[in-house]
Each structure stands twice: as C-alpha cells, then as structure tokens.
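Because the structure is predicted, anything quoted here is derived from the model rather than measured.
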Amino acid sequence: MSDRTWAHRDGDGVGDARVELAIVGALVVVLGVVAGSPGIVGGLLVAAFWYAFGVPFALAGGHAVLIAVVPGELELATLLVVEAVFVALLLSAALESDDPPQYVALTASILIGLVLVTGSVAVFGAIWLAAIVLLSAIAALGYGIHRYERALWDVKAEDERDEQATETVTAERTAEEQ
C-alpha cells in the first residue's frame, strides 16, 4: 500500500482489493436486508466511498448511511451483523497496510467516535437532532482527518514555500511600482 494514500487501488494488492470488494458487496447485501431498497442505495453509496476514498472513509460514511437508512430502532443482533461486516472490511485493509496497528487504531478511533455520538443521540434525542449532531461530527471528523494527513505528510513545508513565493512576487511588484 502506498504511504501517501489510504485508498486500496495502488496496484500492489489486487488479491486484497478483491477481498475488500467481496466484503463491500456483502455490506450492500446486509444493508439491503436490514433496510430494504434504501439500504441497497446506501450500500452502493458506501461502495462508491470505498472505491473513491478507501476504507476509513467508507467506514465513516457507512455508519452515517446506516443511521440514515434504518427505519427506526435497530435491534442489537442486527447491529452486530452489520458491524461484523464493517470490522471485516477494516481488518482486510489493515492487513494490506504498511502499519496495520496504526491503521486499525486510527480507523477504530474514527468509528468509536461516530458510534458513540450517533448512538447516544439516537437513544436520547429526536431524529432531527441526531441528524444535526451526526453531520457536525462527520464535518469535524473530516477536518480532523484533513489536519492529520497534513501533519503526517508535512504539507506545512509546501505551504511555507507557497507563502515565500507569494512574498517574493509581492516584493517584486512593490519594487516595480516604485
């Protein structure tokens, strides 16, 4: 797996991508059984997230989709089946990664946060409140992942180069105007 991306399509793990594809297909089927047609559409949306962005984003999006497509309260046994498919997807991707423990820890922290926020609001609040809190949590999570990736890849150095280039151009324009 490439060290610059979480996406599964890096050319060196075709067998593992097939396993992930099978698990994503199973997730579409499970969501379809749990929620009917909206579950199938939601599962296809999760598959699109997986294809475009990789497993961590598919897992986060999958939990948001799960809350959106379930027509009421979800029984514990049903939730465990859906979560088992999510865990299988996580483990499949972790085994392919360069640092499986770090991959699992990061993705698990994303999931635990989403499950705690979503579960507590779904139990104690109205559906509109759950939707607002969930969307806020996803936005905060997306920003956190963005900041983590910038720190991980030392993007600050690139920003400093851009800033220096801007300062140079500004200084040149000021010198020309005088």
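Cluster annotation: V30 and I40 are assigned to distinct hydrophobic clusters (Ile/Leu/Val/Met/Phe/Trp/Tyr, side-chain heavy-atom contacts under 4.5 Å, transitive). If you chain together hydrophobic residues whose side chains sit under 4.5 Å apart, F86 and V81 fall into the same group. Residues V41 and V34 do not share a hydrophobic cluster, clusters being chains of Ile/Leu/Val/Met/Phe/Trp/Tyr side chains in contact below 4.5 Å. When hydrophobic clusters are built by joining Ile, Leu, Val, Met, Phe, Trp and Tyr residues whose side-chain heavy atoms come closer than 4.5 Å, directly or via intermediates, V70 is not grouped with V28.
Within the 4.5 Å cutoff, the side chain of L31 has heavy atoms near those of the L66 side chain. Taking the side chain as every heavy atom from C-beta outward, L91 and V87 approach each other to under 4.5 Å.
The distance from the CG atom of L90 to the CD atom of E83 is 11.0 Å, given to the nearest 0.5 Å. Put simply, CG on L44 and CG on L27 are 10.0 Å apart, with the number rounded to the nearest 0.5 Å. To the nearest 0.5 Å, atoms CH2 (W50) and CG (L89) are separated by 8.0 Å.
Heavy atoms only, all atoms of each residue included: F57 and F49 are closest at O-CD2, 3.5 Å. In terms of heavy-atom proximity, V19 sits nearest to S92 at CG1-OG, 3.6 Å. Residues I23 and A88 come closest through the heavy atom pair CD1-O, 3.5 Å. Of all heavy-atom pairs spanning A35 and V69, the tightest one is CB-O, 3.3 Å. Scanning both residues, A93 and V55, for their nearest heavy atoms gives CB-CG2, 3.4 Å.
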